[in-house]
Amino acid sequence: MTYAITQTCCSDATCVAVCPVNCIHPTPQERAFGSTEMLHIDPATCIDCGACADACPVDAIFPVDSLPVAQQEYATINAAYYADQTLEPAPDGPNFHAWDEPVFPRVLPSDFAPLKVAVVGTGPAGMYAVQDLLLHTSAEVTLIDRLPVTGGLVRFGVAPDHPATRKVGDTFARFHTHPRVRMHLGLDVGADVTAQELAAHHDAVIYAVGASADRTLAVPGEELPGSISARDFVAWYNGHPDAAPDAIDLSSERVVVVGNGNVALDVARILLADPDSLARTDIADHALQALRAGKVREVVLLGRRGPEDAAYTKSELLALKHVPGLELVVDDHDPRTAPAIDETDPKADPKGRAALLRGVTRDRIDWAQAPAPGRRIVLRFHSAPVEMVGEEAVQGVRVVEASGERTIRTDMVLRAIGYRGVPVAGLPFDETTGTVPHEGGRVAGRPGTYVVGWIKRGPSGGIGANRTCAAETVTTLLADAVAGALPAPGRAQKAFHRLARRRARGSSAPSR
Ligand SMILES: Cc1cc2nc3c(=O)[nH]c(=O)nc-3n(C[C@H](O)[C@H](O)[C@H](O)COP(=O)(O)OP(=O)(O)OC[C@H]3O[C@@H](n4cnc5c(N)ncnc54)[C@H](O)[C@@H]3O)c2cc1C
Ligand SMILES: NC(=O)c1ccc[n+]([C@@H]2O[C@H](COP(=O)([O-])OP(=O)(O)OC[C@H]3O[C@@H](n4cnc5c(N)ncnc54)[C@H](OP(=O)(O)O)[C@@H]3O)[C@@H](O)[C@H]2O)c1
Ligand code: SF4
Ligand code: SF4
């Protein structure tokens, strides 16, 4: 018997360090790390000890003989990763612990005074940075979030029907009450305190503020009522404090989603999920009521490229194929789609993304008709939106495709084309990428100021990707500290806590 890694893996590599026989790959030291969508267990060498399953923060690891039906293909997926490749040799030969955590040397001398570090943002990037500082240095941390609750996108992004993934928040929460952490919630840096005030009270400040705006399509009609960003829709069903409970009207039978990344799959799944199963999750009550009363039964996902270039991860698409009562259909309108899926196209990759759609129903859909009976998700590739059609509200989406243009009738369009970072007052900003320019996490031209997570790398990558990202930023910060390159703060960290308590929004905002 062996263990297998499954759908919810966020590639944070926690399991790698605990495996006694180095059978989980790719490790952070291997070239493939960061380019595979998940890690895999080698069934040939796994000794069935269960240590990885105990360590995984998102419950992604199971013995293969206890995998639920919908996850059984992960036994094959894990094994297939090893079937056709030679692993890189471990760095120190046959030493069982040669594969380890990402190697970022911690260089602070033991007599170094505890650093006073402010971390802005309690999402994954901020919390991996805090975790790293607390576990590897004696730093005293001021932890800040503009919202009255912690978690960032773990709480307000990750879909409610992914409870195992949301559980990673419990791992982070252990550090909120650490004796060397003082947390201030409901405190917006830029509005309630300035970047200068923060810098004046700390040796270093790490910004982990994520990406809180949307990419835009820049097509006519994008601002019409009924054209909604997926970010707003996600915030609404997750009960984000900025989202009005009545913000979403679900009276359209058909919803068109622009984009086919994982966010597009999340919103499509939630729109069509059985409300009784959602009732067992922590979806916002107002969203559950609206979904129960709503009329949506068909969601069309528009991909501007082909199935081989879809942006979703394989595991999320596989999961969609197993949702009870939900049909997955590929619109067969483009002559390139079927050959890519069936691999009759000589350029098709038999292990690629398009091959995942083998066996999925293909249909030539008549968009002038009302949606077919039942609940279904239609994947429509080679289809780029050029206009939201309508006078006072959206009535359709005009798309260009190989055969010309066509309008898909709908009263609701969700734009799931990616998030975008917003400028942080007092920090430089690259308008093209929506990120803060940096070198190894150090903000260009701002000694003592650092970035991590989506505001550093842009809005892509799962939760685990922020762990290596945080390790790089913390390493740069510590090297600067040792080099004497951190500007001396003029004021005490304690004085900041008094200031923060006065400025935090709402008397109920917990500061400790
Ligand atoms: C809809 C959605 C679903 C996702 N689902 C998954 C999933 O299932 N699995 C997975 O692995 N990955 C998932 N991801 C990706 C994952 O959420 C991101 O990789 C991760 O959250 C990025 O972390 P971050 O800390 O950079 O940003 P965030 O998580 O956005 O955290 C930023 C924090 O900074 C705070 N902040 C912002 N501005 C200020 C300010 N001025 N002052 C104070 N605080 C501020 C915010 O309130 C927030 O708490 C999902 C992403 C999205 C968008
Ligand atoms: N379950 C999970 O693990 C989970 C869930 C949600 C999010 N996440 C992660 O969070 C990150 C962000 O996800 P995301 O879905 O927001 O972004 P994404 O993966 O970058 O997908 C964006 C989608 O929008 C399309 N797009 C962009 N601009 C467009 C335009 N002008 N016109 C038409 N289509 C356009 C892209 O098409 P092109 O590919 O052609 O550019 C792509 O299909 C990803 O790393 C994702 O994996 C993970
Ligand atoms: S989430 Fe982390 S610990 Fe869990 S399987 Fe994936 S890499 Fe391993
Ligand atoms: S069960 Fe044990 S041996 Fe197998 S992958 Fe997990 S930690 Fe390694």
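Here, residue 1 is the first one in the sequence, and each next residue gets the next number. Whatever order the structure lists ligands and atoms in, that order sets their numbers, starting from 1.
For R502, the side chain to side chain contact (heavy atoms under 4.5 Å, CB included) partners at least two apart in sequence or on another chain are R498, L499.
Selection from V189, T8, T122 by nearest heavy atom to atom 41 (N) of ligand 1 gives V189. Distances from atom 3 (C) of ligand 1 to the heavy atoms of P148, A416, G157 put G157 nearest. One option in H184, R146, M127 has a heavy atom closer to atom 45 (C) of ligand 1 than any other, and that option is R146. Comparing heavy-atom distances from atom 32 (C) of ligand 1 across G121, S212, A208 singles out A208 as nearest. The residue among D12, D145, V119 with a heavy atom at the shortest distance from atom 49 (O) of ligand 1 is D145. One option in V263, L198, V424 has a heavy atom closer to atom 52 (C) of ligand 1 than any other, and that option is V263.
Per-atom contact check: atom 39 (C) of ligand 1 touches the protein, criterion being a heavy-atom distance below 4.0 Å. The presence of a protein heavy atom under 4.0 Å from atom 14 (N) of ligand 1 is ruled out.
At a heavy-atom distance under 4.0 Å, atoms from both the backbone and the side chain of L153 approach ligand 1. Looking at V234 against ligand 1, only its side chain comes within 4.0 Å, counting heavy atoms.
Those atoms of ligand 1 that come under 4.0 Å of a heavy atom in D188, given as number and element, are 40 (C), 41 (N), 42 (N). Applying the 4.0 Å criterion to heavy atoms of D266 picks out, from ligand 1, the atoms 3 (C). Heavy-atom proximity to L147, at under 4.0 Å, picks out these atoms of ligand 1: 47 (O). Residue-ligand proximity, G462 to ligand 1, at heavy-atom distances under 4.0 Å covers atoms 10 (C), 11 (O), 12 (N), 19 (O). Near G152, the atoms of ligand 1 lying under 4.0 angstrom from a non-hydrogen atom of the residue are 29 (O), 31 (O), 48 (C), 49 (O). Near G453, meaning under 4.0 Å from any of its heavy atoms, are these atoms of ligand 1: 26 (O). Close approach of ligand 1 to C10 is summarised as follows: ligand atoms under 4.0 Å from at least one heavy atom of the residue are 11 (O). The ligand atoms of ligand 1 that sit less than 4.0 angstrom from a heavy atom of Y419 are 1 (C), 53 (C).
Under the 4.0 Å criterion applied to side-chain N and carboxylate O atoms, D331 and R380 are assigned as salt-bridge partners. Between D242 and R146 there is a salt bridge, with a side-chain nitrogen of the basic residue lying less than 4.0 Å from a carboxylate oxygen of the acidic one. Salt bridge annotation for E308-R353: absent, with no cationic side-chain nitrogen under 4.0 angstrom from a carboxylate oxygen. The residues E431 and R420 are annotated as salt-bridged, a charged nitrogen and a carboxylate oxygen being separated by less than 4.0 angstrom. Residues R304 and E401 are not paired through a salt bridge, judged by the lack of any N-O separation under 4.0 Å between the basic side chain and the carboxylate. Using a 4.0 Å cut-off between charged side-chain N and carboxylate O, R269 and D161 make a salt bridge.
From the protein, the heavy atom lying nearest to atom 27 (O) of ligand 1 is G210 CA, 3.4 Å. Scanning all protein heavy atoms for the shortest distance to atom 19 (O) of ligand 1 gives G461 O, 2.8 Å. With hydrogens left out, the protein atom closest to atom 51 (C) of ligand 1 is W454 CH2, 3.8 Å, a heavy atom. Nearest protein heavy-atom neighbour of atom 6 (C) of ligand 1: V158 CG2, 3.7 Å. Annotation: atom 31 (O) of ligand 1 to nearest protein heavy atom, G123 CA, 3.5 Å. Among protein heavy atoms, the minimum distance from atom 11 (O) of ligand 1 is reached at I463 N, 2.9 Å. Taking atom 37 (C) of ligand 1 as the reference point, the nearest protein heavy-atom neighbour is V209 O, 3.3 Å. For atom 9 (N) of ligand 1, the closest non-hydrogen atom of the protein is T165 CG2, 3.6 Å.
A donor-acceptor contact closer than 3.5 angstrom is absent between the side chains of H178 and Q131. For the residue pair H322 / Q72, no side-chain donor-acceptor distance below 3.5 Å is found, with atom types taken as modelled. Neither side chain, T216 nor E222, offers a donor N or O lying under 3.5 Å from an acceptor on the other. No hydrogens or angles considered: a donor-acceptor pair under 3.5 Å links the side chains of N262 and T313.
In this structure, CD1 in I206 is found 14.5 Å from CD1 in I455, a value given to the nearest 0.5 Å. Here SG of C10 is found 13.5 Å from CD of E37. Values are rounded to the nearest 0.5 Å. Atom OG1 in T281 sits 7.5 Å away from atom CG in L288 (nearest 0.5 Å).
Proximity of N466 to W454: side-chain heavy atoms (C-beta onward) are separated by under 4.5 Å at one or more points. Looking only at side-chain heavy atoms (C-beta outward), T435 and P437 stay at 4.5 Å or farther from each other. Under the 4.5 Å side-chain criterion, counting only non-hydrogen atoms from C-beta, V256 is in contact with L302. By the 4.5 Å heavy-atom criterion applied to side chains, L379 and F381 are counted as neighbours. Within the 4.5 Å cutoff, side-chain heavy atoms of L147 are placed close to those of H240. With a 4.5 Å cut-off on side-chain heavy atoms, M127 and H176 count as touching. L356 has its side chain within reach of L318: a pair of non-hydrogen atoms, C-beta onward, lies under 4.5 Å apart.
A salt bridge (charged side-chain N to carboxylate O under 4.0 Å, His left out) with E472 is found for one member of R457, R442, K456, R467 and no other, namely K456.
Checked against a 3.5 angstrom limit, the closest N/O atoms of V120 and ligand 1 fall outside it.
Within 4.0 Å of ligand 2, heavy atoms belong to protein residues L217, V258, G259, N260, G261, N262, V263, D266, R304, R305, A311, E316, A416, I417, G418, W454, P459, S460, G461.
Heavy-atom distances between G190 and ligand 1 stay at or above 4.0 Å for every pair. Distances from ligand 1 to the non-hydrogen atoms of P124 include at least one value under 4.0 Å. Residue contacts with ligand 3 include P57, since one of its heavy atoms falls under 4.0 Å from the ligand. Taking a 4.0 Å cut-off on heavy atoms, L187 registers as neighbouring ligand 1.
Ring geometry, F233 versus Y237: the interplanar angle exceeds 60°, so the pair is classed perpendicular (tilted spans 30 to 60°). Below 30°, between 30° and 60°, or above 60°: for H40 and Y81 the angle between ring planes is below 30°, a parallel geometry.
Within the protein, the number of N/O/S atoms found under 2.8 Å from atom 6 (Fe) of ligand 3 is 1.
Within the structure, salt bridge (Lys or Arg N to Asp or Glu O under 4.0 Å) pairs that include any residue of residues 256-265 do not occur (at least two apart or interchain).
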